[in-house]
Amino acid sequence: MSHFALLFRSSLLEFKKLESITIAAVLTALSVVLGLFQINFGEFLRIGFNFIPLGMIGLLFGPVMGGVCAAVSDVLTLFVVPTGGWIWGLTLNAFLGGIIYGCCFYQRKLSAWRTGLAMAIVGVCLNMFLWLL
């Protein structure tokens with residue numbers, strides 16, 4: 001089995017541990033709360049801080065739980081602060097972002113280069129490219 005497949009399998013096994021689910025739930029709730037605090041630059045540009053707990057979920061529990069928790073956080077943030085209708089593409093965007101954080105951080109040494117790479121992939125490939133679709 002390839003390293004990539006083992007990474008996803010190991011992350012999937014995290015769902016069997018009660019401690020992992022509990023910590024992921026607390027970090028997801030923290031992501032929802034941090035989603036309330038944003039810096040607005042004009043009408044369309046916002047900088048939020050909810051990526052920090054989502055990156056921690058990816059670091060601790062891998063890409064599968066990272067993606068699921070990011071999607072749940074996106075939907076819960078919509079319920080807490082309804083800023084418009086639900087768009088499935090944005091939830092997919094959040095899910096893929098959680099997977100990317102998990103692939104970049106899970107079972108790897110955390111470094112500034114790896115963090116910058118994950119942020120660049122999420123920022124450029126997901127947040128900018130998928131908005132065009």
Side-chain angles (χ1 to χ4, degrees):
M1 216 184 250
S2 71
H3 177 69
F4 196 68
L6 287 175
L7 186 74
F8 274 82
R9 185 173 188 276
S10 174
S11 176
L12 190 61
L13 292 175
E14 292 288 341
F15 279 103
K16 290 187 174 186
K17 301 175 187 172
L18 182 62
E19 179 181 348
S20 299
I21 294 172
T22 306
I23 293 171
V26 169
L27 288 172
T28 302
L30 182 62
S31 174
V32 171
V33 170
L34 287 178
L36 301 174
F37 302 105
Q38 298 177 350
I39 300 171
N40 294 323
F41 294 104
E43 192 174 333
F44 298 107
L45 182 63
R46 294 185 307 230
I47 296 177
F49 301 101
N50 58 343
F51 69 92
I52 297 170
L54 296 177
M56 290 174 61
I57 292 171
L59 172 72
L60 296 173
F61 307 117
V64 176
M65 191 173 287
V68 170
C69 289
V72 168
S73 171
D74 181 66
V75 172
L76 287 178
T77 302
L78 180 67
F79 283 128
V80 172
V81 183
T83 56
W86 178 71
I87 302 171
W88 67 270
L90 294 179
T91 303
L92 175 66
N93 194 15
F95 177 76
L96 293 174
I99 288 176
I100 290 172
Y101 288 138
C103 288
C104 288
F105 299 148
Y106 187 55
Q107 296 178 346
R108 292 186 167 92
K109 184 178 178 188
L110 191 62
S111 65
W113 180 85
R114 190 173 299 280
T115 304
L117 176 69
M119 295 301 294
I121 291 171
V122 170
V124 173
C125 294
L126 290 181
N127 295 338
M128 294 176 89
F129 179 70
L130 285 179
W131 266 101
L132 297 175
L133 297 178

Atom pair [atom1]/[atom2] of [X] and [Y] - distance to nearest 0.5 Å:
{"X": "Asp74", "Y": "Leu90", "atom1": "CG", "atom2": "CG", "result": "6.5 Å"}
{"X": "Ile100", "Y": "Leu117", "atom1": "CD1", "atom2": "CG", "result": "9.5 Å"}
{"X": "Trp88", "Y": "Phe95", "atom1": "CH2", "atom2": "CZ", "result": "13.0 Å"}
{"X": "Ile21", "Y": "Thr28", "atom1": "CD1", "atom2": "OG1", "result": "11.0 Å"}
{"X": "Phe8", "Y": "Leu13", "atom1": "CZ", "atom2": "CG", "result": "13.5 Å"}
{"X": "Ser31", "Y": "Ile57", "atom1": "OG", "atom2": "CD1", "result": "7.0 Å"}

[X] and [Y]: same hydrophobic cluster, using ILVMFWY side-chain contacts below 4.5 Å?
{"X": "Trp113", "Y": "Leu110", "result": "yes"}
{"X": "Phe61", "Y": "Val26", "result": "no"}
{"X": "Val32", "Y": "Val75", "result": "yes"}
{"X": "Leu7", "Y": "Met56", "result": "no"}
{"X": "Phe79", "Y": "Leu54", "result": "yes"}

Please test Phe51 against Met119 for side chain to side chain contact (heavy atoms under 4.5 Å, CB included), starting from the C-alpha separation and ending with a verdict. CA-CA 9 Å; Phe51 69 92; Met119 295 301 294; 3.8 Å; yes

Checking Leu60 against Leu27 for the side chain to side chain contact (heavy atoms under 4.5 Å, CB included) test, could you report, in this order, the C-alpha distance in whole Å, the side-chain angles of both residues, the deciding distance, and whether it holds? CA-CA 11 Å; Leu60 296 173; Leu27 288 172; 4.2 Å; yes

Just by modelled atom types, is the Cys69 backbone N or O under 3.5 Å from a matching donor or acceptor in the Ser73 side chain?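 Here the side-chain-to-backbone pair does not exist.
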
Please confirm whether the backbone N or O of Val64 pairs with a side-chain atom of Ser11, one donor and one acceptor, at under 3.5 Å?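 Yes, the answer is positive, given that a donor and an acceptor are paired below the 3.5 Å cut-off.
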
When Ile, Leu, Val, Met, Phe, Trp and Tyr are grouped by side-chain heavy atoms lying under 4.5 Å apart, directly or through other members, which residues fall in the same group as Val124?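 Members besides Val124: none; it forms no cluster.
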
Pair listing, side-chain hydrogen bond (donor to acceptor under 3.5 Å, both in side chains) test, anchored in residues 94-106, at least two apart: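 Checked against side-chain hydrogen bond (donor to acceptor under 3.5 Å, both in side chains) - neighbours excluded - the pairs reaching residues 94-106 are Ser10-Tyr106, Glu14-Tyr106.
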
Which residue pairs satisfy the side-chain hydrogen bond (donor to acceptor under 3.5 Å, both in side chains) criterion with at least one member in residues 38-53, sequence neighbours excluded?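 Checked against side-chain hydrogen bond (donor to acceptor under 3.5 Å, both in side chains) - neighbours excluded - the pairs reaching residues 38-53 are Gln38-Arg46.
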
Nearest heavy-atom neighbours spanning [X] and [Y]:
{"X": "Met65", "Y": "Ala24", "answer": "SD-CB, 3.4 Å"}
{"X": "Leu126", "Y": "Leu96", "answer": "CD1-C, 3.7 Å"}
{"X": "Phe105", "Y": "Thr115", "answer": "CE2-CA, 3.8 Å"}

